[in-house]
Structures are given as C-alpha cells and as structure tokens.
Asks: 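Take this structure, written in structure tokens, and hold onto it; I'll ask about it next.
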Amino acid sequence: LTIPITVMMVNSSGKPVFDASTGIDHYVFTGYGSSNLKGDYYKTNEAMMPWYFSEAGEANIVVEFAEGVEAIDAYMFKNSSSGNSRIRSVTLSDSISTIGAEAFYNCSKIRDLALSRDLTTIGANSLKGCISIQNLTLPIDADATKFGQIVSSIRSINFLSGGSDGQNYKENTAANLLWSGSKNYSVTFESGITSIGDYMQLSASGMVSIPASVKSVGVKAFYGSPMTGLQIVDGLTKIGDYAFEGCSGLQTLTLPNTL
C-alpha cells in the first residue's frame, strides 16, 4: 500500500478505513512535510490502524517513508499489546527530521531499522519496547539515550554522517545508549563523519575501519571492544583517553602518519 502521510485511516463516523485483519504487508508513506494530524490521532485510534493486530503473528510488515516526508507522528505505530506488533522492517528517508513520542512503542519484532541521516528530534520513548533490533542504521550525531530502550540483540550498526560530528556522551549516561546491551556487533562509519564521540563504548567486533574524514576519536569510544583489527587512515589527529582501553583481542593495527 502506497499512501500519503496526511491520509486519515479512520473516517468521520469513527470507523476504520481498512480492516485491522488486512493482509497488507508493505506500507510506503509519501508526501511532503508533516501529516498535520492532531497530536493524539494515532494514540486514540491505535486499534483501528491496518498494521495493528490483536493477536501475535509472524513479523512480516515492511514500513518505508519516501523522500519528502519530514516527520513521523507520535504514537503512529504504537502497539499497547506487547509482543503483538508484526512490523519487521522500518526505513526512514533522509528528509525525516523528527520521530514523535512513542512512535514505535512496543514494536517488539522490528529487526531492521534504518533511521534518517537528518534526524534531529527524537520524541520520548520512540523505540520503547523495540527489543529485537538486529541491524541498525542511524546518524552519528543522534542522541542514542533518547530512544527509551536498551537493545541486546544488535548485530550490526551503520553510522551515517548526519551532522558529521559524533554525539558526545557523559560517563554516567553511557549505559543508557540504544546499543548498550549488545555485544560483538559489526560497526561501519560512513565517509564524511568527522568525529566519533566520547563514551560511545562501541562493542565492535571483527575489523573496524575508521575513514579518512574522521579527525578525532573520543574518550572510551571503543572501551572494551572485542575488535580483532583496527585500520585508521590518514586524517585522524586526536585520540581521547582510554579510547581503545580493554581491546585485548586486537591482532592487527594500521595507523596513519598523522598520529
């Protein structure tokens, strides 16, 4: 189903446009700007949305937002029945700058989540209950403490350049990052990223390659990482304290002349 982001799925009589038992398994939201629906629209009509299911089933729903859409409404895919959401994959276009509060609340079967490069506003608990994320893409400057969830199932993280500079965290908030509960996942950094922030504490496994655009790696950025290889090309000029402390499995190391 391809549908404008502005379309209401409940008619003026309060009846759902689509039956909740529909077999639609792929949604593409189009349009420009925001939906302009009232703030509690999806919260009020949660059980009337076509992607809402009252009984648990196979996670097979794919959700995409086309270029031009700028915001995902609060509560849009909220599922109050924990474990019943059937959304498997979510991809946001780079035009989206805002995810509303509890937008994906209890979407516990999302495995693939690609957030937008220009994401700047993250509503409270937007990913609360999204406990099964395996493949995560997000901008390096997104505040990963604001999603309201700590995930233990992540297998890969792909950081986009976004605002270029990595988000700097505090030592006392490092345990609240979206990926804090996960271990041994692959990490990639898009060219254009200029810094990897403080206290990201990425538990990166295998080979980690830091692109030439990166000028600094923050304090404890890879603290305790199980990486086996590290490649840093020309460009990096600053490494923060304990950035690679505890990386005891490191077997190969390539360093640039700029250090």
Asks: Does any donor atom in the side chain of D112 or N135 lie under 3.5 Å from an acceptor atom in the other side chain?
Replies: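 Indeed, the side chains of D112 and N135 share at least one donor-acceptor pair under 3.5 Å.
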Asks: Report yes if some heavy atom in the side chain of L160 is under 4.5 Å from a heavy atom in the side chain of L138; otherwise report no.
Replies: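 No, their side chains stay 4.5 Å or more apart.
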Asks: Below 4.5 Å, heavy atoms only, C-beta onward: do V10 and V17 meet side chain to side chain?
Replies: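 Answer no - side chains too far apart.
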Asks: So, K78 and E102, do they make that salt bridge, N to O below 4.0 Å?
Replies: yes
Asks: Establish whether Y41 and F77 are linked, either directly or via other cluster members, by ILVMFWY side-chain heavy-atom contacts under 4.5 Å.
Replies: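 Yes, same cluster.
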Asks: Do Q231 and L253 touch side chain to side chain, with heavy atoms closer than 4.5 Å?
Replies: no
Asks: So for atom OH, which belongs to Y27, do other residues, nucleotides or ligands contribute more than 12 heavy atoms lying within a distance under 6.0 Å?
Replies: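 More than 12 heavy atoms, drawn from other residues, nucleotides or ligands, come within 6.0 Å of this atom.
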Asks: What pairs of residues pass the salt bridge (charged side-chain N to carboxylate O under 4.0 Å, His left out) test when at least one of them lies in residues 148-164, not counting sequence neighbours?
Replies: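 Every candidate salt bridge (charged side-chain N to carboxylate O under 4.0 Å, His left out) pair involving residues 148-164 fails, so no pair, neighbours aside, qualifies.
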Asks: For the residue pair W179 and F159, does the interplanar ring angle fall in the parallel (under 30°), tilted (30 to 60°) or perpendicular (over 60°) class?
Replies: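 Taking F159 first and then W179, their aromatic rings stand perpendicular (interplane angle over 60°).
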Asks: Take I110 and F104 through the test side chain to side chain contact (heavy atoms under 4.5 Å, CB included) and record every step on the way to the result.
Replies: CA-CA 9 Å; I110 292 177; F104 296 98; 4.2 Å; yes
Asks: Is there a chain of hydrophobic side chains (I, L, V, M, F, W, Y, each step under 4.5 Å between heavy atoms) that links I87 to I131?
Replies: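 Per the 4.5 Å side-chain linkage, I87 and I131 are not co-clustered.
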Asks: For the residue pair S153 and S132, what are the closest heavy atoms and their distance?
Replies: OG-C, 3.1 Å
Asks: Got a sec, which pairs hit side chain to side chain donor-acceptor pair (under 3.5 Å) with one end in residues 246-256, sequence neighbours left out?
Replies: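 Of all non-adjacent pairs touching residues 246-256, none passes side chain to side chain donor-acceptor pair (under 3.5 Å).
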Asks: Can you tell if the side chain of N125 reaches within under 4.5 Å of the side chain of L127, non-hydrogen atoms only?
Replies: no
Asks: Taking distance alone, no hydrogens or angles, what donor-acceptor pairs closer than 3.5 Å link side-chain atoms of residues 197-208 to residues at least two apart or in another chain?
Replies:
from : atom 1 : to   : atom 2 : distance (Å)
D198 : OD1    : V219 : N      : 2.8
S203 : OG     : N184 : N      : 3.3
S205 : OG     : Y185 : O      : 3.3

Asks: With a 4.5 Å limit on heavy-atom distance, are the side chains of M49 and Y42 in contact?
Replies: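 Heavy-atom side-chain distance check passes, below 4.5 Å.
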Asks: Counting C-beta onward and ignoring hydrogens, is there a side-chain heavy-atom pair between I210 and V233 closer than 4.5 Å?
Replies: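 I210 vs V233: side chains apart.
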Asks: Please report the closest heavy-atom contact between A243 and G218, naming both atoms and the distance.
Replies: CB-O, 3.5 Å
Asks: Please walk me through it: do L1 and F18 pass side chain to side chain contact (heavy atoms under 4.5 Å, CB included)?
Replies: CA-CA 11 Å; L1 174 66; F18 297 97; 3.8 Å; yes
Asks: Could you report the tightest heavy-atom contact between V151 and I133, atom names first, then the distance?
Replies: CG1-O, 3.6 Å
Asks: Mind checking whether I24 and F65 sit in one hydrophobic cluster, side chains of I, L, V, M, F, W, Y counted as touching below 4.5 Å?
Replies: yes
Asks: After noting the C-alpha distance and the side-chain angles of H26 and I61, does the key distance pass the side chain to side chain contact (heavy atoms under 4.5 Å, CB included) rule?
Replies: CA-CA 6 Å; H26 193 170; I61 296 177; over 6 Å; no
Asks: If a pair satisfies salt bridge (charged side-chain N to carboxylate O under 4.0 Å, His left out) and one of its residues is in residues 186-197, list it, with sequence neighbours excluded.
Replies: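 Pairs touching residues 186-197 that pass the test: R117-E190.
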Asks: Verify the distance criterion only: is there a donor paired with an acceptor across the side chains of T98 and E70 at less than 3.5 Å?
Replies: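 No.
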Asks: Is there a donor-acceptor contact under 3.5 Å linking the side chains of T188 and N158?
Replies: yes
Asks: Would you say I122 and I150 are hydrophobically clustered, going by side-chain heavy atoms of ILVMFWY under 4.5 Å?
Replies: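 Different clusters.
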Asks: For S195 and G166, which heavy atoms make the closest approach, and how far apart are they?
Replies: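 Taking S195 first and G166 second, the nearest heavy atoms are OG-N, 2.9 Å.
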Asks: To the nearest 0.5 angstrom, please state how far the CE atom of M76 sits from the SG atom of C107.
Replies: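 That separation rounds to 11.0 Å.
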Asks: Which atom pair, heavy atoms only, marks the closest approach of S95 to V69?
Replies: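 Where S95 meets V69 most closely, the heavy atoms are OG-O, 2.6 Å.
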Asks: Does the side chain of I154 come within less than 4.5 Å of Q134's, by heavy atoms?
Replies: no
Asks: Between S35 and D73, is a side chain to side chain donor-acceptor pair (under 3.5 Å) present by the stated rule, with each step listed?
Replies: CA-CA 7 Å; S35 71; D73 289 79; 2.6 Å; yes
Asks: Return the minimal non-hydrogen interatomic distance between S108 and S85, and the atom names on each side.
Replies: N-CB, 4.4 Å
Asks: Could you go through the side chain to side chain contact (heavy atoms under 4.5 Å, CB included) check for T145 and L177 one step at a time?
Replies: CA-CA 5 Å; T145 65; L177 304 179; 3.4 Å; yes
Asks: Can S97 and D118 be said to form a side chain to side chain donor-acceptor pair (under 3.5 Å), step by step?
Replies: CA-CA 5 Å; S97 61; D118 294 329; over 6 Å; no
Asks: Checking the side chain of T44 only, and the main-chain atoms of D40 only, is there a donor and an acceptor separated by less than 3.5 Å?
Replies: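 Yes: the side chain of T44 pairs with the backbone of D40.
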Asks: If hydrophobic clusters are built from ILVMFWY residues whose side chains come within less than 4.5 Å, do Y242 and V214 share one?
Replies: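 The answer is no; the residues belong to distinct hydrophobic clusters.
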Asks: Using the salt bridge (charged side-chain N to carboxylate O under 4.0 Å, His left out) criterion, which residues pair with E245? Sequence neighbours excluded.
Replies: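 Testing E245 for salt bridge (charged side-chain N to carboxylate O under 4.0 Å, His left out), a comparison that skips the adjacent residues, returns none.
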Asks: So, D165 and T194: side-chain donor and acceptor under 3.5 Å apart, yes or no?
Replies: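 Short answer, yes.
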Asks: Which pairs count as salt bridge (charged side-chain N to carboxylate O under 4.0 Å, His left out) when at least one residue sits in residues 121-139, sequence neighbours excluded?
Replies: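 Qualifying pairs: none.
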Asks: Do V63 and W51 come close enough that some side-chain heavy atom pair is under 4.5 Å?
Replies: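 V63 does not reach W51 side chain to side chain.
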